[in-house]
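Written out below as C-alpha cells is the structure these notes cover.
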Amino acid sequence: MGYCFTLMCELETQALLPLKLLGSVFFFSVMGCVLLFVVFRWEEERYTDGSKWRFLEHKGPVFAPPYEPLPDKVKFYYDGKPMKLSAPAEEVTTFFSKMLDHEYTTKDIFRKNFFKDWRKEMTSEEKSKITDLNKCNFSEMSEYFKTQSEARKQMSKEEKQKIKEENERLLQEYGFCIMDNHKERIGNFRIEPPGLFRGRGDHPKMGMLKRRIRPEDIIINCSKDSKQPKPPPGTKWKEVRHDNKVTWLASWTENIQGSIKYIMLNPSSRIKGEKDWQKYETARRLKKCVDRIRTQYRDDWKSKEMRIRQRAVALYFIDKLALRAGNEKEEGETADTVGCCSLRVEHIKLYPKMDDQEYVVEFDFLGKDSIRYYNKIPVEKRVFKNLQLFLENKQPEDDLFDRLNTSILNKHLQELMDGLTAKVFRTYNASITLQQQLKELTCPDDSVPAKILSYNRANRAVAILCNHQRAPPKTFEKSMQNLQTKIDEKQNQLSAARKQLKAAKADRKASRDEKSKKTVEVKRKAVQRIEEQLMKLQVQATDREENKQIALGTSKLNYLDPRISVAWCKKFGIPIEKIYNKTQREKFAWAIDMAEKDYEF
DNA sequence: TACCGGACTTGCTTGAAAACCT
DNA sequence: AGGTTTTCAAGCAAGTCCGGTA
C-alpha cells in the first residue's frame, strides 16, 4: 500500500515538475525507475528518524499591501468636528469603519477593546482629544469604502483581467515550493493583513487590533542547501532556520493570543496526503479492536475507582456521540466552549423518565467555534447512575468529570491501541457511518441524481453525528421558493404533456396509420423526459431542505475516508466529479488511485 | 503532574469565480 | 451579454495532541 502511494505521487508530480527545478538531482525522464526506487527508500527513512524532508526551497511569504492613506476629502469627525488623523491612527479607524454594518461593532466588549487598541496607535495629541468612542463619526469613511467596493465591481473587463493576471503571477512566484523532489502547492503564502480581531462566539478579545506582520516578525524554514528566500528590500527576517523535523515554511507569532501561525503546504501535497492516509489507517485499526474497547469501558462503569468510572463514561460519550476530547482552556482568553472532558455540571440534565424513554441525558453546551450542541439521548442505566454520582454535591460551574482530563484519557487510550487518541473515535465513527449508510441507502436501480441524493444523505448522517452546522444561507428561503416555482411549472408541463399523449393515443386508435403511431411515440418520450426533469428538481429540493442548517464540507474533507466514496463511485458507475470537485480530487488523489470498488473501510 | 509552547488538524464564514438563466 | 444564483476556495480562528520543563 505504502509503495503504491509513493509511486502515485511521484508520477503525478513528475509531470508537473519543470526540468530546471530538478537541477542536478535526477534525470527522471530516462531514469524514472531509479528515481522511484530512491524515493521509496527515503520514504522508509523518513518514518524512522522523524524528519519530514531533506530539501526545502521557497520564496518566502507575500506581505499585505502597505496602508494607503485616505483622500483628504474623506473626513473623520470627533464630537461633530472634522479631524485629520495621523496615518497609524487613521489606518485603525478604517478597519472599524469597514465593519460598521456588522452587529458586533455595537457590542460593548468589541468597542472597548477596539478603543483601547486604537488609542495605542494615536499620537499623544490625538490621545488627549479622542476620549470617547461614542463621539467618533466614521460614516464618511464607511461610505467611501462602500463606493470603492462598488467601483471595484463595476471595473471593466480589462481591469479585472489585469488583476487576475497579477494574482496569477504572484501565485506562480510565491505559491509553490520544492520539497524533496516535488514541486508542491503552498496552502497560504499570503501573510494575514492587519485588522480587528473578531473571534467566534462570545469572545473576550473581539475588537482588538491584529497588528501588521513585518519581515522582522517572520521565521523562515528551509534547507541549508536551498536558495534562501530574500526579505523585501531594506528588511530582514527574524530568523532563518533549517529544521527538517517540521513541515512549515515560515512562521510568526500573532499578537492576540500569542500563538504561532504557520505557512504550510496545500492538502494536495505529498506530506499532507500521506498524513491524511495514515489518519484513516489508524481509524481502521480502531475498527479491529473497538469491540474490545467497548467491552472494557462498559466494564469500567462498575469500577471501584471514581477516576476510572469517569474515564469510562467520558469515553462512552466520545464513542457514542462523537464528542471532541475537550482540552482545558485559559479562562478569559477565549470564548467559553467545552468538549467532553471539560463538560460542566450545568451542561447536562438527567431525566430518569422522559416521555416513553428511561434514563435520558440532555446535553446543552457550546462546542468548538461556539456551535451549540443540543441532544437528548437515552443511556444505559449504569451510565445514568454514574452521572448522578458525578453530579453529587457539585455546583453548576463545577467540572462533570473532575478526575479526568484529555491527557489522562489519551494516555489510557494509548495503552488500549497504539496511536489511539480521542479524535480517532470521531474519524472512525464518521467513516463507518458513511460506509454503512451508503450500503443501506443506495438502490442499484436508481438514477444517477437519486444515487447522489443517497450519497448526500449518508454524508448528512455523518454531519449530524459530528454536529457540523452552518448558518442557513441568507438567500435560503428565496432560493427554496424559486425551486418550488420551477417544480410547479414542471408539473404543469407534465400534465400538459400527458394530455397530449392521451390525445395522440386516441388519434392512433381512430386513424391507425403510421404517422399517428409515431406521434404517440414522440409524445411518450416527451412525457418521460419531463418526468425525469421533475424528479431531478424534486430530489434537489429535498436535498436542499434537509441541508438547511447542516454543513457537509467538514466531514467530507476531514472525517470520511475518501476511499469509501471512491469505491462507491466505482461500484455504482458514478463519475467521481459528481462527488468531489477539483480541489477535493487533488486532495484525495491518493485515494482515487488506490481504492477499488470492493474497498472496505 | 501541572503547565506551556509548538505543530498540526479541524471548522465556519465569506468573497470571488463559475454556472445558470433570460 | 448581463444579471443572478450557486459553488468553490481562501481566510483565519479554534481545536487536538505531544513533548519538554518546573
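The basis for the numbers below is simple: all heavy atoms, side chains too, and nothing from hydrogens, waters or symmetry mates. Residue numbers begin at 1 in each chain, while the letters A, B, ... track the order of the sequences.
The shortest distance between the side-chain N/O atoms of A:Thr421 and the OP1/OP2 oxygens of C:dC17 is below 4.0 Å. For A:Asn327, a side-chain nitrogen or oxygen approaches OP1 or OP2 of C:dT16 to under 4.0 Å. In this structure, A:Asn188 does not reach the C:dG11 phosphate: none of its side-chain N or O atoms is under 4.0 Å from OP1 or OP2. Put simply, A:Lys272 has a side-chain N or O that comes within less than 4.0 Å of OP1 or OP2 on B:dT9. For A:Lys52 and B:dA7, the shortest distance from a side-chain N or O to OP1 or OP2 is not below 4.0 Å. One finds no side-chain N or O of A:Lys368 lying less than 4.0 angstrom from the OP1 or OP2 phosphate oxygen of C:dA13. Between C:dG15 and A:Arg200, no contact under 4.0 Å exists linking OP1 or OP2 to a side-chain N or O. An OP1 or OP2 oxygen of C:dT16 is reached within less than 4.0 angstrom by no side-chain nitrogen or oxygen of A:Arg426. Remark: A:His468 is in phosphate contact with B:dG11, judged by side-chain N or O atoms under 4.0 Å from OP1 or OP2. At the phosphate of C:dA14, neither OP1 nor OP2 sits under 4.0 Å from any side-chain N or O atom of A:Ser259. In this structure, A:Lys279 does not reach the B:dT9 phosphate: none of its side-chain N or O atoms is under 4.0 Å from OP1 or OP2. Regarding contacts with the backbone of B:dC21, a side-chain N or O of A:Lys486 is found under 4.0 angstrom from either OP1 or OP2.
Residue order along DNA chain C, read from the 5' end via each residue's closest nucleotide, puts A:Lys582 first among A:Lys582 and A:Gly326. Closest-nucleotide positions on DNA chain B for A:Arg470 and A:Asp276 were compared, and the one nearer the 5' end corresponds to A:Asp276. Ranked by how close their nearest DNA chain C nucleotide is to the 5' end, A:Gln257 and A:Asn482 are led by A:Asn482. Mapping A:Ser251 and A:Gln469 onto DNA chain B by nearest heavy atom places A:Ser251 at the nucleotide closer to the 5' end.
Nearest nucleotide to the A:Tyr262 side chain, out of B:dA7, C:dT16, C:dT6: B:dA7. If you check B:dC8, C:dG15, C:dA14 against the side chain of A:Phe197, the one that comes closest is C:dA14. Distances were taken from every side-chain heavy atom of A:Lys423 (C-beta onward) to each of C:dC12, B:dT14, B:dT9; the shortest belongs to B:dT9. Among the nucleotides C:dC12, B:dC8, C:dG15, the one closest to any side-chain atom of A:Lys275 is B:dC8. Checked against C:dC12, C:dT6, B:dT14, the side chain of A:Arg544 finds its nearest nucleotide in C:dT6. Side-chain proximity of A:Val246 to the nucleotides C:dT16, B:dC12, B:dA7 is greatest for B:dA7. Of the candidate nucleotides C:dT16, C:dC17, C:dC8, C:dC8 has the atom lying nearest to any side-chain atom of A:Asn581. Closest to the side chain of A:Thr337, out of C:dA10, C:dG11, C:dG15, is C:dG15.
Taking the six-membered ring where tryptophan is involved, the planes of A:Phe63 and A:Trp237 are essentially parallel, since the angle between them stays under 30° and well short of 60°. The aromatic rings of A:Phe363 and A:Tyr373 stand perpendicular to each other, their planes meeting at an angle above 60°, with 30° marking the opposite boundary. Note: A:Tyr297 and A:Tyr316 have perpendicular aromatic rings, judged against thresholds of 30 and 60 degrees for the angle between ring planes. Ring-plane geometry between A:Phe588 and A:Trp590 is classed as perpendicular, the angle between the planes exceeding 60 degrees on a 0 to 90 degree scale with a lower cut at 30.
Following rounding to the nearest Å, A:Leu552 (CG) and B:dC12 (P) show an atom-to-atom distance of 11 Å. For the pair A:Asp402 CG and B:dA2 P, the computed distance is 13 Å after rounding to whole Å. For the pair A:Trp252 CH2 and B:dG6 C1', the interatomic distance rounds to 15 Å; values are reported in whole Å. Between the OH atom of A:Tyr373 and the P atom of C:dG15 there is a distance of 17 Å, given to the nearest Å. Residue A:Glu168 contributes atom CD, which lies 12 Å from atom P of B:dA17 at whole-angstrom precision. In this structure, A:Lys474 places its NZ atom 15 Å from P of C:dT6, rounding to the nearest Å. When rounded to the nearest whole Å, the span between CZ of A:Arg372 and P of C:dA14 equals 20 Å. The nearest whole Å value for the distance from the CD1 atom in A:Ile260 to the C1' atom in C:dG15 is 16 Å.
Using a 4.0 Å heavy-atom cutoff across all strands shown, A:Lys210 reaches sugar-phosphate atoms only and no base atom. Contact annotation for A:Arg198: no contact, since no heavy-atom pair falls under 4.0 Å across all strands. Among the atoms of the strands shown, none is found under 4.0 Å from any heavy atom of A:Pro267. A:Ala471 comes within 4.0 angstrom of sugar-phosphate atoms only, judged by non-hydrogen atoms across all strands, and of no base. If you check every strand for non-hydrogen atoms under 4.0 Å, A:Thr247 touches sugar and phosphate atoms only.
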ask   = Can you check salt bridge (Lys or Arg N to Asp or Glu O under 4.0 Å) on A:Glu173 and A:Arg169, steps first, answer last?
value = CA-CA 6 Å; A:Glu173 182 166 2; A:Arg169 193 188 65 75; 3.2 Å; yes
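Salt-bridge check for A:Asp217 with A:Arg214: passed, with a basic side-chain N closer than 4.0 Å to an acidic carboxylate O.
Considering CG of A:Leu265 and SG of A:Cys177, their distance stands at 4.5 Å, rounded to 0.5 Å.
Less than 6.0 angstrom separates the ring centroid of A:His468 from the ring centroid of A:Tyr559.
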